[in-house]
Amino acid sequence: MHDLPEGRTAGRIVETEAYVPGDASGHAYRGQTARNRSLFLERGHAYVYFTYGMWHCLNVTSETPGVGAGVLLRAIEPVEGIALMERRRSTTRPYDLGRGPGRLVQALGVGRADDGVDLCGAGNLWLAHGARSAAEIGESVRIGITRETAAVLRFYERGSPFVSGPRHLRA
DNA sequence: AAGAAGATTCGCT
DNA sequence: GCGAATCTTCTTA
């Protein structure tokens, strides 16, 4: 969830990808830099990075300090503040609001200002416990990477229209 | 010091 | 389907 003066936005996470230690496709693979330093924080912190000159992506760190690993949030199902998300994303189609890592971040209004914050603490941006999905959790290879493509490290809610990727990766 | 590729998305053809 | 937008880091000269 994300609280801002303009309102609260919240979504249910329906798709993630893991980037584990020693993963050649991970940003932490070549060591710590100014850009990825927050990826090396204690688990539960936000790592926000800018990619392709256009979009931000949001990760949650998943290891002890200094390791450098995390989980990329790839898609959310909008739950609260939908009107605000529609304004930020310039679309009213529900499945276009949070389907994709760049879209999700824009819908929630997350930016580089949120890089490194504690998602389990008392900030504007945090992870909340919600109702557990009744749907099955699917597994697949990760999307959009060119190294370590065989690793099955993507997890998603089966059959959800809010999950990104081609149809056979949503079933 | 300069060029290329990357955990992406959008608009036009 | 292809190219644009344009940041960070790695590779090569």
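Note on naming: letters A, B, ... go to the chains in the order of the sequence lines (proteins, then strands), and numbering restarts at 1 for each one. All values below come from the heavy atoms of this structure, side chains included, with hydrogens, waters and symmetry mates left out.
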Output side-chain donor-acceptor pairs under 3.5 Å for residues 67-80 of chain A, partner residues at least two apart or in another chain, one line each.
unit_1  : atom_1 : unit_2   : atom_2 : d
A/Arg74 : NE     : A/Glu15  : OE2    : 3.1
A/Arg74 : NH2    : A/Ser164 : OG     : 3.4
A/Glu77 : OE1    : A/Arg12  : NH2    : 2.8

In residues 106-117 of chain A, what donor-acceptor pairs under 3.5 Å come from side-chain atoms, sequence neighbours left out?
unit_1   : atom_1 : unit_2   : atom_2 : d
A/Gln106 : OE1    : A/Arg89  : NH1    : 2.6
A/Asp114 : OD2    : A/Gly111 : N      : 3.0
A/Asp115 : OD1    : A/Ser38  : OG     : 2.6
A/Asp115 : OD1    : A/Val48  : N      : 2.9
A/Asp115 : OD2    : A/Ser38  : OG     : 3.4

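- A heavy atom lying under 4.0 Å from DNA chain B marks the following residues of residues 83-97 of chain A, by number: A/Arg89.
- Heavy-atom distances under 4.0 Å link DNA chain C to no residue of residues 159-171 of chain A.
- As rounded to the nearest Å, C/dG1 and B/dA7 have P atoms that lie 23 Å from one another.
- Across the P atoms, C/dT6 and B/dA1 are found 25 Å apart, a figure rounded to whole Å.
- Contacts between residues 72-79 of chain A and DNA chain B, counted as heavy-atom distances below 4.0 Å, involve A/Leu72, A/Arg74.
- Separating the CG atom in A/Leu84 from the NE2 atom in A/His2 is a distance of 10.5 Å, to the nearest 0.5 Å.
- Separation of atoms OG (A/Ser90) and CG (A/Asp96) is listed at 11.5 Å; rounding is to 0.5 Å.
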Enumerate donor-acceptor pairs with a distance under 3.5 Å from any side-chain N or O in residues 134-141 of chain A to protein atoms, sequence neighbours excluded.
unit_1   : atom_1 : unit_2   : atom_2 : d
A/Glu136 : OE2    : A/Arg158 : NH1    : 2.9
A/Ser140 : OG     : A/Arg154 : NH1    : 2.9

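- Within the 4.5 Å cutoff, no side-chain heavy atoms of A/Tyr47 are placed close to those of A/Leu58.
- The stretch residues 101-110 of chain A touches DNA chain B through A/Pro101, A/Gly102, A/Arg103, each having a heavy atom within less than 4.0 Å of the strand.
- One finds the CG atom of A/Leu125 at 10.0 Å from the CE atom of A/Met1 (value rounded to the nearest 0.5 Å).
- Looking at A/Arg142 and A/Asp23, a side-chain N of the basic residue comes within less than 4.0 Å of a carboxylate O on the acidic one, giving a salt bridge.
- For the pair A/Arg103 (side chain) and A/Arg99 (backbone), a donor-acceptor distance under 3.5 Å is present.
- Chain A approaches DNA chain B over the interval B/dG6 to B/dC10, counting the first and last nucleotide 5' to 3' with an atom under 4.0 Å from its heavy atoms.
- Applying the ring pair (Phe, Tyr, Trp, His ring centres under 6.0 Å) test to every pair with at least one member in residues 14-40 of chain A, sequence neighbours left out, gives these pairs: A/His27-A/Tyr49.
- When the ring-ring contact (aromatic ring centres under 6.0 Å, His included) test is applied to A/Phe50, the partners found at least two apart in sequence or on another chain are A/His56.
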Could you list, one pair per line, each protein nitrogen or oxygen that sits under 3.5 Å from a nitrogen or oxygen of nucleotides 8-10 of chain C, together with the distance?
unit_1 : atom_1 : unit_2   : atom_2 : d
C/dT8  : OP1    : A/Arg112 : NH1    : 3.2
C/dT9  : OP1    : A/Thr33  : OG1    : 2.6
C/dT9  : OP1    : A/Arg35  : N      : 3.0

Next on the checklist: For DNA chain B, please output the secondary structure as dot-bracket, reading 5' to 3'. Pairs are Watson-Crick or G-U wobble, both atom distances under 3.5 Å; mark crossing pairs with [ ], other-strand partners with |, unpaired with a dot.
Outcome noted: ||||||.|||||.
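- Look at the C1' atom in both C/dT8 and B/dC10: the space between them is 22 Å, to the nearest Å.
- A 4.5 Å side-chain heavy-atom check between A/Val163 and A/Arg170 finds at least one atom pair inside the cut-off.
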